[in-house]
Amino acid sequence: MTTAEHTELIRRFADDFTALQEAVLSQVHGVRTPETAAVLEHASLVGPVTVVLAHADVLARGAVRRAELSAQPPERLRRLRAHARRVRRARSQAETRYREERARRPGRRSRPVAPLEWRVARTAFTPSFDAALRQELRARGLPDGTPQAPESDLAQWAWHRKTADGELPAPVRELRECDDDTFVAALLRDAREEENPYLPHDAVVERWNRQARVAQAWGRYAIGRAERDVLARPLSARRTRLDALDDAYQDSAVLAARSREALLLVTDLHDRMRAGVTTGPFAELVAQCRAAALARFTGAEPAAWRGVRELAARHRADCPEQADGCPRCHHALAAVLAADAPPAGTDEDGDDELTAAGIPADADRYALLADLPETAVVAVADAAVGDESARCGYGWAAEDGTTGHGDSFAAGSGEAEVIGVCTAALSLLERHGHAPVVLLCDSTEAVGVVDAALRSGTAAAGHRTLLFPESRQLLGALVRHRHRVQVRWLKGHIGHDLNETADALARLALRRATGRISSAAARKEETRLLRSLDSGAGRLPAAA
């Protein structure tokens with residue numbers, strides 16, 4: 001292959017998604033030509049290869065799922081599973097190579113290392129140093145924000161100032177100004193109907209990257225609903241529903257590819273933004289801000305600054321990386337300075353701080369139950385989520401011997417756990433009249449969401465975790481009983497009978513919902529689990 005042909009093939013693969021995917025899949029199966037293999041190694045295609053493999057990965061898993069639900073011959077199912085494994089492995093390898101290639105880009109590590117004393121002071125005395133930096137930025141009329149650098153905020157400010165003068169196209173302005181639900185709807189249309197050419201614009205690509213995960217969750221939701229419709233019908237009547245499942249996987253594959261594309265674009269944007277503040281006038285401005293902030297800090301904390309200088313001087317005497325500015329040493333030095341400071345999360349009386357959700361600051365503690373009234377009904381809830389669709393299973397087991405399990409839809413484990421907690425609590429509230437109900441859960445996210453909703457009296461407190469209508473409706477129903485319900489954290493998988501039973505019931509519910517276990521086998525498994533629970537201990541200990 002001549003240089004001109006090589007260049008032309010690179011250009012073709014960069015512009016033609018289908019051609020690139022065919023070439024990548026031929027490489028996955030070991031049938032590519034040496035010329036194609038050489039072209040796919042080109043640095044400009046490293047990112048696009050991850051995009052096509054994200055798409056191919058979802059399609060490969062969809063083909064396996066259709067075969068499982070349509071009783072395909074075992075040999076065909078084995079071939080499809082082997083193909084899916086190869087694609088998944090290739091995707092992982094491609095993403096690793098992309099990260100390595102990006103780390104080698106010119107300019108990625110060109111930013112000069114800040115003085116050691118500056119970094120030690122910033123790390124060891126973060127609140128005081130950040131206050132000094134904010135004062136300096138504010139005095140200069142610059143954005144203070146959360147000054148992780150100052151260059152982090154200055155990069156955004158400089159870029160927005162540079163681009164603010166140009167008039168944005170009307171479709172870009174609409175994407176910038178609409179609410180999140182409308183933006184996600186635009187992402188779904190982009191995947192299902194027609195590609196939106198305005199999403200890659202610098203003015204909206206960061207929002208696209210942030211919301212792509214939500215759009216992907218709705219894609220898995222569509223897969224889950226289509227899968228449920230398939231399983232509700234006998235094998236002989238599944239053809240039409242399987243076609244609908246295929247469509248859902250096709251849409252989800254596009255969402256996965258577009259999500260990966262958004263990540264590549266926003267990464268490139270951030271590289272360009274950082275480059276703008278590491279050279280020229282902005283690099284000088286950053287250096288001035290650092291020096292002035294350090295001067296403010298030394299004036300406000302003279303004793304701390306003396307300790308920093310003395311420690312840094314002793315360290316430089318024998319540091320093997322002194323010539324490079326001790327680039328990684330500031331964390332260890334800051335830890336030395338902080339060794340005598342009082343531990344975080346301790347109040348003036350020395351009591352350990354608890355979060356609003358009642359989760360101990362020490363995450364190794366168990367949920368405390370000693371303060372509960374004798375009439376309280378205590379249960380443990382758990383959940384299980386699948387990889388391919390939004391189907392989830394939940395299960396719960398109570399001290400009074402009652403249990404329950406079922407399935408629903410969740411964008412992630414936190415939402416699934418909330419569903420389990422709410423379902424268990426609502427069932428026990430109905431069963432036990434006026435008794436208080438306490439639900440234990442090993443998900444700190446779910447405990448925080450439910451507790452916040454119960455304290456505030458509104459299900460809106462969980463809007464960031466709860467994406468789908470099923471979970472939001474359940475939390476809304478539970479909030480109406482908020483004066484009778486508590487939720488607490490329980491350390492998971494440490495051998496408690498109720499916890500282990502809830503976990504097993506959740507996994508059983510997911511297997512049954514996805515058709516991976518027959519109804520008869522599920523009933524036998526449930527009977528075995530309940531017998532095992534009956535033979536175990538009764539109430540949970542005071543520190544469960």
Side-chain angles (χ1 to χ4, degrees), residues 8-25 40 44-63 87 91 94-95 98 163 166-223 225-226 243-272 388-390 411 467:
E8 179 58 31
L9 190 53
I10 291 172
R11 186 180 300 112
R12 181 191 169 206
F13 284 164
D15 295 337
D16 189 334
F17 180 90
T18 302
L20 178 59
Q21 189 163 64
E22 289 174 354
V24 169
L25 290 178
L40 291 177
S44 66
L45 295 177
V46 171
V49 165
T50 67
V51 174
V52 299
L53 282 170
H55 184 269
D57 183 26
V58 177
L59 291 183
R61 287 185 281 122
V87 171
R91 179 182 181 181
E95 290 175 354
Y98 168 76
T163 58
E167 183 67 21
L168 295 176
V172 174
R173 289 201 309 274
E174 292 175 6
L175 288 170
R176 279 174 59 92
E177 296 168 4
C178 66
D179 60 36
D180 285 346
D181 289 343
T182 302
F183 192 89
V184 170
L187 297 187
L188 294 174
R189 285 195 301 274
D190 172 78
R192 296 168 178 170
E193 300 173 16
E194 184 178 9
E195 186 172 306
N196 189 331
Y198 299 101
L199 286 171
H201 195 285
D202 283 349
V204 295
V205 69
E206 289 179 302
R207 190 179 192 188
W208 180 18
N209 182 59
R210 287 194 305 271
Q211 297 296 334
R213 183 169 304 207
V214 178
Q216 285 186 279
W218 282 108
R220 293 194 301 274
Y221 185 78
I223 290 174
R225 291 179 67 89
D243 290 343
L245 180 62
D246 277 347
D247 291 342
Y249 268 105
Q250 291 283 347
D251 292 342
S252 190
V254 177
L255 285 166
R258 293 289 273 167
S259 175
R260 185 69 191 178
E261 183 180 349
L263 178 61
L264 299 182
L265 290 170
V266 83
T267 298
D268 176 70
L269 172 63
H270 289 167
D271 285 347
R272 286 184 279 134
E388 299 163 10
S389 79
L467 182 62

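This is a predicted model, so every value here is computed, not measured. All heavy atoms count here, side chains included; hydrogens, waters and symmetry mates do not.
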Ile223 CD1 to Tyr249 OH distance, which is reported to the nearest 0.5 Å: 5.0 Å

Gap separating the CG atom of Leu20 from the CG atom of Leu25, nearest 0.5 angstrom: 9.5 Å

Residues Arg207, Asp180: salt bridge by 4.0 Å N-O rule: yes

Arg192 atom CZ, neighbour heavy-atom count above 12 within 6.0 Å: yes

Closest approach of Ala23 to Leu40 (non-hydrogen atoms, all atoms of both residues): O-CD1, 3.8 Å

Test: Arg260 cationic atom under 6.0 Å from Tyr98 six-membered ring centre, within 45° of axis: yes

More than 12 heavy atoms from other groups under 6.0 Å of CD on Glu177: yes

Polar side-chain atom of Ser259 near backbone of Leu255 as donor-acceptor pair, under 3.5 Å: no

Shortest non-hydrogen contact from Val205 toward Pro200: CB-O, 4.2 Å

Heavy atoms of other groups near Tyr221 OH, more than 12 under 6.0 Å: yes

Point-to-point distance, once rounded to the nearest 0.5 Å, from NE2 of His201 to CZ of Arg176: 9.0 Å

Value rounded to 0.5 Å, distance of NE2 in His55 from OG in Ser252: 9.5 Å

Pair Leu175-Thr182, side chain to side chain contact (heavy atoms under 4.5 Å, CB included): steps then yes or no: CA-CA 9 Å; Leu175 288 170; Thr182 302; over 6 Å; no

Sub-4.5 Å side-chain heavy-atom contact between Asp190 and Tyr198: no

side-chain contact (heavy atoms from CB on, under 4.5 Å) partner of Trp208, chosen from Leu199, Val266, Leu263: Leu199

Inter-residue atom distance Leu9.CG - Asp16.CG, 0.5 Å rounding: 10.5 Å

Atom of Val87, atom of Ala56 and distance for their closest heavy-atom approach: CG1-C, 3.8 Å

Shortest non-hydrogen contact from Val172 toward Ala203: CG1-CB, 3.9 Å

Any donor-acceptor N/O pair, Arg220 side chain to Ala411 backbone, under 3.5 Å: yes

Minimum-distance pair of heavy atoms, taken over all atoms of Pro48 and Leu264: N-CD1, 4.1 Å

Side chains of Asp251 and Leu188 in contact at under 4.5 Å (non-hydrogen atoms): no

Rounded distance [0.5 Å steps], CD in Gln250 versus CG in Leu245: 10.5 Å

Val51 vs Phe17, side chain to side chain contact (heavy atoms under 4.5 Å, CB included): CA-CA, chis, key distance, verdict: CA-CA 9 Å; Val51 174; Phe17 180 90; 4.0 Å; yes

Charged N-O contact under 4.0 Å between Glu206 and Arg210: no

Minimum-distance pair of heavy atoms, taken over all atoms of Ala94 and Thr50: O-CG2, 3.6 Å

